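The next block holds one structure in the form of structure tokens; read it before the comments.
The residues of the chain are indexed from 1 along the displayed sequence. For clarity, every value in this text was computed on a predicted model and none was experimentally measured. Both ligands and their constituent atoms are indexed starting at 1 by order of listing.
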Amino acid sequence: MWSEIAQQISQITRRPFQIRDRRSVGGGSINQAYSVTDGDRAYFLKLNQASQAAMFEAEALGLKQIAESQTIQAPGPICWGIAGGSAYIVMEWLEFGYGDESAWRLMGERLAAMHRVQSDKGFGWDQNNTIGSTPQKNPWTEGWVEFFTEYRLRYQFQLAARRGGRFPKQDALLAAVPHLLAGHTPHPSLVHGDLWSGNAAVTQTGDPVLLDPAVYFGDREVDIAMTELFGGFPAAFYQGYEAAYPLEAGYPRRKILYNLYHILNHFNLFGGGYGSQANRMIDQLL
Ligand code: ADP
């Protein structure tokens, strides 16, 4: 497997590459991660079961989409596929450092610039991807209310039902989405889609970077909402973002609705107390 991957890297980069050192990298939740180097060039590599090859392909295309926006850095994908019975993705290796206030302000400004990249095909993306390891459907849809109701909330509720989740007010919540989003007409912005703190980093040279995206074109507020879900980003990030692209009135309530998607997904991935957290959020919204 390793030599096959090294061969792919050589082919794509048009320079011979041999793995001389390989180290396991911690911190990932879903995949096994490694650094590989020939002593000169280094790459970041993730492995999973062969059945997850489509997940890595969608991640590679998401990283490319962010890179093409020329607004904020993301590790460039090199190659992906199946080798020796495992799915893999190889991308540019980045050295992360401590992000000071100015780096986090820049992160906010650059994310705002990414959000100004908008689709003329509506809400969705050219392909489905995953959120964690859960499938995420992105069919092009004209209306945001329909997109978020059907392909974000209802889809997660359906998965949760199969897992034995009980959400007594699910139908009332789904029916209330048009009301909760009334008067709000977001543009289809390029969003990261899974923007918790583990997926935002700063390089040793002070450049903000987005990792592990679940991109689509959606309401930009989904990204800001998620940054607030697990502890929040540094204050400078929000200052930078607001100065570049202010949020609209009514965001604090929509934040709960948008984060319900991620809490339902956490219930589907990890179970536990996330089910009752989702029910509390539904009560808050109704
Ligand atoms: P998973 O998909 O399993 O959640 P991540 O993409 O979050 O894995 O990566 C796991 C860890 O590897 C992260 O905590 C991050 O610090 C590090 N990492 C991610 N991408 C790179 C990269 N391009 N270069 C160096 N380290 C990286």
Side-chain angles (χ1 to χ4, degrees), residues 5-6 8-9 12-13 17 19-69 72-83 86-99 103-104 107 110-111 128-136 191-216 223 226-227 229-231 233-234 237 262 265-266 268-270 274:
I5 293 174
Q8 277 298 317
I9 296 174
I12 298 287
T13 60
F17 182 81
I19 299 175
R20 298 224 185 278
D21 188 33
R22 179 179 90 215
R23 283 168 203 224
S24 182
V25 177
S29 43
I30 288 162
N31 308 291
Q32 292 164 264
Y34 297 89
S35 69
V36 292
T37 177
D38 64 356
D40 175 26
R41 292 182 284 159
Y43 295 100
F44 180 68
L45 186 152
K46 293 200 280 193
L47 293 179
N48 207 319
Q49 292 165 354
S51 58
Q52 300 300 314
M55 174 176 82
F56 285 155
E57 175 165 50
E59 180 175 347
L61 297 177
L63 291 169
K64 272 191 172 179
Q65 178 93 55
I66 293 176
E68 280 165 12
S69 78
I72 187 163
Q73 195 179 346
I78 308 289
C79 53
W80 54 93
I82 294 177
S86 294
Y88 72 91
I89 181 170
V90 177
M91 64 189 83
E92 175 188 5
W93 174 264
L94 297 172
E95 293 287 348
F96 297 125
Y98 167 76
W104 282 98
M107 176 88 72
R110 292 198 176 159
L111 182 71
N128 296 332
N129 46 16
T130 53
I131 179 81
S133 55
T134 308
Q136 177 167 270
V191 297
H192 175 282
D194 192 9
L195 196 53
W196 68 289
S197 56
N199 286 341
V202 176
T203 64
Q204 282 182 354
T205 50
D207 277 309
V209 179
L210 298 185
L211 304 170
D212 218 0
V215 308
Y216 59 100
D223 275 348
M226 193 174 189
T227 65
L229 185 54
F230 302 112
F233 281 29
F237 165 81
H262 295 294
N265 186 45
H266 273 63
N268 285 317
L269 289 171
F270 311 117
Y274 291 112

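Counting heavy atoms under 4.0 Å from ligand 1, residue Trp93 touches it through both backbone and side chain. At a 4.0 Å heavy-atom cut-off, ligand 1 touches Pro75 through the side chain alone. For Asn31, heavy-atom contacts with ligand 1 shorter than 4.0 Å involve the backbone as well as the side chain. Contacts between Glu92 and ligand 1, counted as non-hydrogen atom pairs separated by less than 4.0 Å, involve the backbone only.
Not a single heavy atom of Ala201 lies less than 4.0 angstrom from ligand 1.
The shortest N/O to N/O separation between Asp212 and ligand 1 falls below 3.5 Å. The N/O atoms of Val25, backbone and side chain alike, include none that comes under 3.5 Å of an N/O atom in ligand 1.
Nearest heavy atoms, Asp40 versus Asp38: N-OD1, 2.8 Å. Considering every non-hydrogen atom in both Met107 and Phe237, the closest pair reads CG-CD1, 3.6 Å.
In this structure, His266 has its ring center closer than 6.0 angstrom to the ring center of Phe230.
Under the 3.5 Å distance criterion, with hydrogens and angles disregarded, no donor-acceptor pair is assigned to the side chains of Thr134 and Asn268.
In the vicinity of Lys46, heavy-atom distances shorter than 4.0 Å reach the ligand 1 atoms 1 (P), 2 (O), 5 (P), 6 (O), 8 (O). Heavy-atom proximity to Gly26, at under 4.0 Å, picks out these atoms of ligand 1: 11 (C).
Contact check for Ser35 versus Arg22: no side-chain heavy atoms found under the 4.5 Å cut-off. At least one side-chain heavy atom of Leu210 sits under 4.5 Å from a side-chain heavy atom of Leu111.
The heavy atom nearest to atom 21 (C) of ligand 1, out of those in Tyr43, Tyr34, Phe44, is found in Phe44.
Formation of a donor-acceptor pair under 3.5 Å by the Asn128 side chain with backbone atoms of Pro135 is not found in this model.
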